[in-house]
Protein chains: 2
Amino acid sequence: MTVTIKDIARKVGVSPSTVSRALNGNTRISDTTTRKIQEAMEELDYHPNSLARNFANGLTYCIGLIIDARDENTFANAFFNRSVFAIEKVIQEYGYSLMITNDRKKEGKSTVENLMLEKKVDGLIMPSSIVRPELIMELNQAGFPFIVMGEPKKYKTDATWIDVDNELGSHMAVEHLIQSGYSKIALVTEKANTVFTQKRLAGYLACLKKHNIQINQDLILQYGQDITADNKRIEELMSGNSHPDAFLCGNNIIAFNVLKTLKNINYRIPDDIGIVTFDNYPVAEYTDPPLTAVDVDTYGMGIQVAKQLLRKIQDNSKDTNHMYIPTNIIVRESSMKGDRKNNDKNGGAS
Amino acid sequence: MTVTIKDIARKVGVSPSTVSRALNGNTRISDTTTRKIQEAMEELDYHPNSLARNFANGLTYCIGLIIDARDENTFANAFFNRSVFAIEKVIQEYGYSLMITNDRKKEGKSTVENLMLEKKVDGLIMPSSIVRPELIMELNQAGFPFIVMGEPKKYKTDATWIDVDNELGSHMAVEHLIQSGYSKIALVTEKANTVFTQKRLAGYLACLKKHNIQINQDLILQYGQDITADNKRIEELMSGNSHPDAFLCGNNIIAFNVLKTLKNINYRIPDDIGIVTFDNYPVAEYTDPPLTAVDVDTYGMGIQVAKQLLRKIQDNSKDTNHMYIPTNIIVRESSMKGDRKNNDKNGGAS
DNA sequence: TTGTACGCGTTATCAT
DNA sequence: ATGATAACGCGTACAA
């Protein structure tokens, strides 16, 4: 049989409510009975039944983390994962558990809606990619706490969101390239219609303008589905008159392909052409030469997300706000024009 | 106010138990009342309260997935993540949610123990790295369902576990290298005291023996903490008389370092030396040349893990068994001795 | 400080 | 096929 507070109460000779109070510590209980109760719990190996506790409280002590089913790579994305790690750590400290769910549709209602409606979680964290207007409205109307990871395209003021400061990151990268002696800088983005691409473009343009460098639309490219064709376009670009002397790439895979293409047509990196990539994963460190990367403290981002959500839950606050996580730049060989390379020694990173 | 089955019952003019039955569909309910109940639920926007339902059933409909806090890379490990993705998908189909927890100690009891004792999950999935005898005993004694991911070092018969077939993978890799014309094959492992390293060694030895190739202990190496020193050892090994003509590496990072070192001392890959690595992540595909890899269907592994656990839960079966997930080999340039290389075309993978 | 009584929403048992 | 009733374990007004 499972041991309940009644068993403890009977053994100690008090009422169940006293045991309950001793457990939660809200009310004052005499030291002696408290001690007796604790001893009895030890002896009978009592463990609170969270099923009953949650039911009585109407709380789940669970946070739902939604992942985007459409993005096969979400789970393989180290960026995302470090955040998850941080989120779990924080909420666990506050007595919450982390529930991870894919956003699937199920008989009309989506998984996310059911998480709220069926009281399976007390709060939600979700990627901006799944944010739909109806969902936001529904959550807000119910006063249900949630945080969006990534700046949403619309409804920016109807949700609290946290995102990487992509504009800053892009600005830093361009600044670094200019300081390193490059001037004709190309920007190679992923899909153009995302918020983060737009922000990166903005940072790129702003930094060029700051340095009075003329914008050349031919240097603003996009990598799409057909990698081979995209690489071909880089080749063609390089054969033109005003070809770039540096590339800022939207992610590691783009950067790797640009690097490979340039090497194939006998450009030397970084002496002829500089390369900087967004994100430090998965290959930035392992290409030849290693890639300078715009990095983000994704762990810190997770911490922020979790804390914001817990605050919302505990304060029952309905305000919305947003926050940008600053970027930093990890300088590696791919952008060190003219620097002496250390090919044989690469230890000693602090 | 929240809508309950009582509200539905009142509206339809039946008893709450009838509504409950209509919800769960165990018992026969007349078609007319069933329809009326469904209509009422639509109209009042009723949603079952899982808190109450779980309490009444004494079930959480949650599966706990434990991750190893000591391994900083667990969450960044694409291998692991693909499994998680699969697990979530399967259990979700069966009405379960996935709870992810780090294995921390908390006031004597570990997180894992509390998950069971406080009835927060109905079953557990955990990595072999956290398996301790006391834990296994405790779970078994309580008749609590759990699956271990990875072959445990001890207590193999006290738990149901699923692991990659590392011995097969190693055997396949060596076979492939031999078929490709290499004969002096080195094995570079990670930590030696793990089960998977031992299995890989066994597969390596068996395949050499099968081909009547003499074992050379000097060709069985280990990469540890000091990468620079390890690389140096490779250099020294290559300067010896009976140096290897191929390397089977325990993971991508080791393989990358071996590759880099060999290139530094002017060996050509794959013409002079062949390289095969375990795992296809994170960089196998992106090195120069791309690395042949021993790969595993981690997604399929997750499916198996989830199904096994659900079976245990539903059948309340206390039997233990184990299963090896077969490996396959992805052949890339790093082991294609003498083959014509396709440097400029790399599309067309089906 | 402690006890009594009740409620949380659902399911299961036992009737009818 | 359906209704009445109890029970799940805990928290909390209210009373003492």
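So you know, we letter chains A, B, ... as the sequences are listed, proteins then strands, and number each from 1. Atoms considered below: every heavy atom in the structure, side chains included; atoms not considered: hydrogens, waters and symmetry mates.
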Counting only side-chain heavy atoms from C-beta out, which of [options] sits nearest to [X]?
| X | options | answer |
| --- | --- | --- |
| R53(A) | dC10(D), dT10(C), dA4(D) | dC10(D) |
| N49(A) | dC14(C), dG9(D), dT4(C) | dG9(D) |
| T33(B) | dG9(C), dT2(D), dG3(C) | dT2(D) |
| T4(A) | dT11(C), dA13(D), dC10(D) | dC10(D) |
| S30(A) | dT10(C), dT1(C), dA1(D) | dT1(C) |
| N24(B) | dT10(C), dT11(C), dT2(D) | dT11(C) |
| V14(A) | dA4(D), dT12(D), dG3(C) | dG3(C) |
| T18(A) | dA1(D), dT10(C), dG3(C) | dG3(C) |
| P48(B) | dT13(C), dT2(C), dT10(C) | dT10(C) |

State which residue, out of Y324(A), F146(A), Y155(A), fulfils the ring pair (Phe, Tyr, Trp, His ring centres under 6.0 Å) condition with W161(A). Y324(A)
Report the residue (P16(A) or A52(B)) whose heavy-atom-nearest nucleotide on DNA chain C is the more 5′ of the two. P16(A)
Are T60(A) and K120(A) linked by a side-chain donor-acceptor pair shorter than 3.5 Å? no
Any side-chain donor paired with an acceptor under 3.5 Å for R35(A) and Q38(A)?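 Q38(A) and R35(A) do not have a side-chain donor-acceptor pair below 3.5 Å.
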Go nucleotide by nucleotide along DNA chain D from the 5' end; which of I29(B) and A56(B) gets its closest nucleotide reached first?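 The answer here is I29(B).
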R132(B) with E138(B): basic N within carboxylate O range, under 4.0 Å: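 No, no charged N to carboxylate O under 4.0 Å.
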Pick base, sugar-phosphate or nothing for N54(B), based on heavy-atom distances below 4.0 Å to the nucleic acid. nothing
Rounded interatomic separation in angstrom, taking CD1 from I37(B) and P from dT10(C): 13 Å
